[in-house]
Amino acid sequence: VLRLHDERVVVAFGQRDGIRVGHAVLAINGAEVNGRFTADGKDVLEFLGNPANYPVSIRFGRHRLSSNEKLMLASMLFAIGSQLSPEVGSSGIEMLETDTFKLHCFQTLTGIKFVVLADPRQAGIDSLLRKIYEIYSDFALKNPFYSLEMPIRCELFDQNLKLALEVAEKAGPFGPGS
C-alpha cells in the first residue's frame, strides 16, 4: 500500500520482496521520481492508479536526505547523546555499536563533529576520522568561500574525502567472520 508522506510516495503497509514500510518510490519505468512526481511531471499516485499504464516497473528504496534533514538528524543525535551520557559535561557519543553498524564520532577542540558509519568489523576508523579532519582543515577551512556551519561545497574537499574513504574501504573489515 502506497501513500503520500512528507511530499513523497512511500510504502505504508505490506512489506515483501525486500521492500519495507517507509521505503519511497525512487523510479517508475526507469524515470526518476522526485517527491510525488516523475521526472516528466506526472503525479505518481495518479499514474499508478490508471490501469492503462500497466505493466509498470517500480524501484523502491530509502530516499536521500537533504542537507537540512542531515543537519537536523545529526543535531538531534548529539543533543540526545549528551543528555543521556553518565559523564557530566560530556560532548556526547564517541561510538555507538549495533549488530549491523558502528557509528564513530570525532569531536575537534572547536566543537566540530565528524561522523562515520561503518561495518562493525571495520578497523582503522579512528585514523580515518583524523584524516577527514585533516582534509576538512586543508580544503574547507582554508577556502575563502566556505562559511562555518554550512554544507561544504568544495570540489577538492570532495575529491580528497572520496580518496580517503576508498583507502579505508580497501583496508577492509577485520574481526570475526572475515
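These numbers come from the heavy atoms of this one structure, side chains and all, not from hydrogens, waters or symmetry mates.
- The 12-atom threshold is not exceeded at CG of Asn34, counting heavy atoms of other residues, nucleotides or ligands nearer than 6.0 Å.
- Rounding to the nearest 0.5 Å places CZ of Arg130 at 13.0 Å from CD1 of Ile135.
- The hydrophobic cluster containing Ile152 also contains Leu148, counting ILVMFWY residues as joined when their side-chain heavy atoms lie under 4.5 angstrom apart, directly or transitively.
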Worked verdict on Glu69 versus Arg8 for salt bridge (charged side-chain N to carboxylate O under 4.0 Å, His left out)
CA-CA 14 Å; Glu69 289 170 322; Arg8 292 183 184 96; 3.6 Å; yes

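- Hydrophobic clustering of Ile, Leu, Val, Met, Phe, Trp and Tyr side chains at less than 4.5 Å, counting indirect connections, keeps Leu26 apart from Val44.
- The nearest pair of heavy atoms linking Ala118 to Ile125 is CB-CD1, 3.7 Å.
- The line from CG of Asn29 to OH of Tyr54 is 10.0 Å long, rounded to the nearest 0.5 Å.
- At a threshold of 4.5 Å between non-hydrogen side-chain atoms, the residues Ile93 and Val115 do not count as touching.
- Residue Arg3 holds its CZ atom at 11.0 Å from CG of Leu45, rounded to the nearest 0.5 Å.
- In this structure, the side chain of Ser147 does not engage the main chain of Met150 through any donor-acceptor pair within 3.5 Å.
- Nearest heavy-atom pair, Phe114 versus Leu129, reported as atom, atom and distance to 0.1 Å: O-CD2, 3.7 Å.
- Sparse packing is recorded around CD of Glu94, with 12 or fewer heavy atoms of other residues, nucleotides or ligands lying under 6.0 Å away.
- Contact of the Cys105 side chain with the Lys113 side chain is registered, since non-hydrogen atoms from C-beta on lie closer than 4.5 Å.
- Considering every non-hydrogen atom in both Asn143 and Phe145, the closest pair reads OD1-N, 2.8 Å.
- With respect to the salt-bridge test (charged N to carboxylate O, under 4.0 angstrom), the residues Glu155 and Lys162 do not qualify.
- With a 4.5 Å cut-off on side-chain heavy atoms, Val25 and Val33 count as touching.
- Remark: side-chain polar atoms of Asp17 are not paired, donor with acceptor, to backbone N or O of Ile19 under 3.5 angstrom.
- With contacts defined as side-chain heavy-atom distances shorter than 4.5 Å, the pair Phe47/Ile28 qualifies.
- Closest approach of Pro120 and Asp99 over heavy atoms only: CG-O, 3.6 Å.
- The closest donor-acceptor contact from the side chain of Gln122 to the backbone of Glu169 lies at 3.5 Å or more, if one exists at all.
- Hydrophobic clustering places Leu161 together with Leu141 (ILVMFWY residues linked when any side-chain heavy atoms are closer than 4.5 Å, directly or through intermediates).
- With values rounded to the nearest 0.5 angstrom, Asn53 atom CG is found 10.5 Å from Glu46 atom CD.
- Leu165 and Leu117 are assigned to two separate hydrophobic clusters, defined by single-linkage of ILVMFWY side chains at heavy-atom distances under 4.5 Å.
- Under the 4.0 Å criterion applied to side-chain N and carboxylate O atoms, Arg59 and Glu32 are assigned as salt-bridge partners.
- The structure places CG of Asp119 at 9.0 Å from OG1 of Thr100, a figure rounded to the nearest 0.5 Å.
- Atoms CD and NZ, from Glu97 and Lys102 in turn, are 4.0 Å apart once rounded to the nearest 0.5 Å.
- Electrostatic pairing of Asp43 and Arg36 counts as a salt bridge here, judged by a charged N lying under 4.0 Å from a carboxylate O.
- The shortest heavy-atom contact between Ala164 and Lys131 is CB-CG, 4.0 Å.
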Which atom pairs, donor and acceptor, lie under 3.5 Å between side-chain atoms of residues 70-80 and protein residues at least two apart or in another chain?
{"from": "Ser75", "atom 1": "OG", "to": "Leu71", "atom 2": "O", "distance (Å)": "2.9"}

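- Considering only heavy atoms from C-beta on, Val10 stays 4.5 Å or farther from Leu2 through its side chain.
- Cluster annotation: Ile112 is connected to Phe157 through the hydrophobic network of ILVMFWY side chains, with a link wherever side-chain heavy atoms come within less than 4.5 Å.
- Heavy atoms only, all atoms of each residue included: Cys154 and Phe139 are closest at SG-O, 3.5 Å.
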